[in-house]
Amino acid sequence: MLIIVGSRREGNSWNLANKIKSILKDERIFSDIIVPGNQRIHLCTGCMDCEESGVCDFTDDMKGDIEKILKEEYLLFITPTRWNLLSGDIKIFIDRLNPLYSRQSLKGKKGMIISIGAKAKDEYSSSLATSSLRSFFESAGIECMLTKEFDNCLNFKDILNNKEDEINNLIEDIKKIVKEN
């Protein structure tokens, strides 16, 4: 499983990703974490050369990320909510997946989405971040196996300190999906 974390800080998204990775490892489900915001990734210019060649003209860290994506069956996106939307780092990452999209190389992969909001659901929603990722999955042919939204996670470890039962249930759901498919 490849876990893509949409925040470069070692906050809620990062802490959750590492907890998931650790527990899955105990179950012999191995995963890798990438944090696009901590990588050298150029912005997509929309040149569309990848439509013909299947390869992006840029040489940066996305080359290794694309190789990892091609090897994995399961992709777990964890994004903090920014202005009710997914993080810019995740958006840049998705844009640079166009070479895979153009070759339908994402079709048939299984995806999971976790959106983490800083405030209460009625005050500031994570649902649009989830919706954006669902739309990407649908366009790319990725089967959405799970979505989960966490709210009231403003401080760096709120998700670990205040959401233990929800996290445990989430990880059980992830384990079940991976083992049954």
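- Follow the hydrophobic side-chain contacts under 4.5 Å out from I3 and you reach I114 in the same cluster.
- In this structure, L70 is a member of the same hydrophobic cluster as I34, with clusters built from ILVMFWY side-chain heavy atoms closer than 4.5 Å.
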Next on the checklist: What verdict does the side-chain hydrogen bond (donor to acceptor under 3.5 Å, both in side chains) test give for E149 and T130, after you've listed the backbone C-alpha separation in whole Å, the side-chain angles of each residue and the deciding distance to 0.1 Å?
Outcome noted: CA-CA 8 Å; E149 296 172 7; T130 300; 3.0 Å; yes

Checklist entry - Does the side-chain contact (heavy atoms from CB on, under 4.5 Å) test come out yes or no for M112 and Y74, once each step is laid out? => result CA-CA 8 Å; M112 294 173 252; Y74 296 94; 3.8 Å; yes

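- At least one donor-acceptor pair under 3.5 Å links the side chain of D61 to the backbone N or O of R40.
- A 4.5 Å side-chain heavy-atom check between K110 and I142 finds every atom pair outside the cut-off.
- The environment of K71 atom NZ is sparse: at most 12 non-hydrogen atoms of other residues, nucleotides or ligands sit within 6.0 angstrom.
- Side-chain atoms of D65 and Q39 form a donor-acceptor pair, as typed in the model, at a separation below 3.5 Å.
- Figure legend: cation-pi geometry between K91 and F93 absent, as NZ or CZ is not positioned both under 6.0 Å from the six-membered ring centre and within 45° of its axis.
- Within the 4.5 Å cutoff, the side chain of I116 has heavy atoms near those of the I78 side chain.
- Between the side chain of S22 and the main chain of N18, no donor-acceptor pair closer than 3.5 Å is present.
- Under a hydrophobic-cluster definition in which Ile, Leu, Val, Met, Phe, Trp and Tyr are linked whenever side-chain heavy atoms come within less than 4.5 Å, directly or via other members, V35 and I69 are assigned to different clusters.
- The backbone N or O of L128 lies less than 3.5 Å from a partner atom in the side chain of S132, making a donor-acceptor pair.
- Side-chain contact of E51 with N98: a donor-acceptor pair under 3.5 Å is present, judged by distance alone.
- Between the S102 side chain and the P99 main chain, a donor and an acceptor come within less than 3.5 Å of each other.
- L133 has its side chain within reach of I90: a pair of non-hydrogen atoms, C-beta onward, lies under 4.5 Å apart.
- Here the side chains of L75 and F77 are in contact, with some heavy-atom distance below 4.5 Å.
- The environment of F58 atom CZ is dense: over 12 non-hydrogen atoms of other residues, nucleotides or ligands sit within 6.0 angstrom.
- In this structure, the side chain of D32 does not engage the main chain of L2 through any donor-acceptor pair within 3.5 Å.
- Between I94 and I92, every side-chain heavy-atom pair lies at or beyond the 4.5 Å cut-off.
- In this structure, D158 does not pair ionically with K163, as no charged nitrogen and carboxylate oxygen lie closer than 4.0 Å.
- Within the 4.5 Å cutoff, the side chain of V55 has no heavy atoms near those of the C50 side chain.
- Note on V5 and L146: same hydrophobic cluster, where clusters join Ile, Leu, Val, Met, Phe, Trp and Tyr whose side-chain heavy atoms are under 4.5 Å apart, directly or indirectly.
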Next on the checklist: F136 vs L97, test: side-chain contact (heavy atoms from CB on, under 4.5 Å). Steps then yes/no.
Outcome noted: CA-CA 10 Å; F136 159 65; L97 293 178; 3.8 Å; yes

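- The hydrophobic clustering, which links ILVMFWY residues whose side-chain heavy atoms are closer than 4.5 Å, places I41 and I4 together.
- Using a 4.5 Å heavy-atom cutoff, the side chains of K19 and I171 are in contact.
- Atom OG of S115 and atom CG of L86 lie 7.5 Å apart (nearest 0.5 Å).
- For the pair D95/L43, no side-chain contact is recorded, criterion being any heavy-atom separation below 4.5 Å from C-beta on.
- Under the 3.5 Å distance criterion, with hydrogens and angles disregarded, a donor-acceptor pair is assigned to the side chains of S126 and D151.
- Listed for the N12 side chain is a donor-acceptor partner under 3.5 Å among the backbone atoms of C153.
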Next on the checklist: Does M1 form a side-chain contact (heavy atoms from CB on, under 4.5 Å) with E73? I'd like the steps, not just the answer.
Outcome noted: CA-CA 7 Å; M1 171 184 301; E73 181 178 1; over 6 Å; no

Checklist entry - Are H42 and R96 close enough, and set up right, to give a side-chain contact (heavy atoms from CB on, under 4.5 Å), and what steps lead you there? => result CA-CA 8 Å; H42 298 291; R96 289 292 307 284; 3.9 Å; yes

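- No more than 12 heavy atoms of other residues, nucleotides or ligands lie within 6.0 Å of CD in E138, so this atom counts as exposed by the packing criterion.
- Between the side chain of S87 and the main chain of G6, a donor-acceptor pair closer than 3.5 Å is present.
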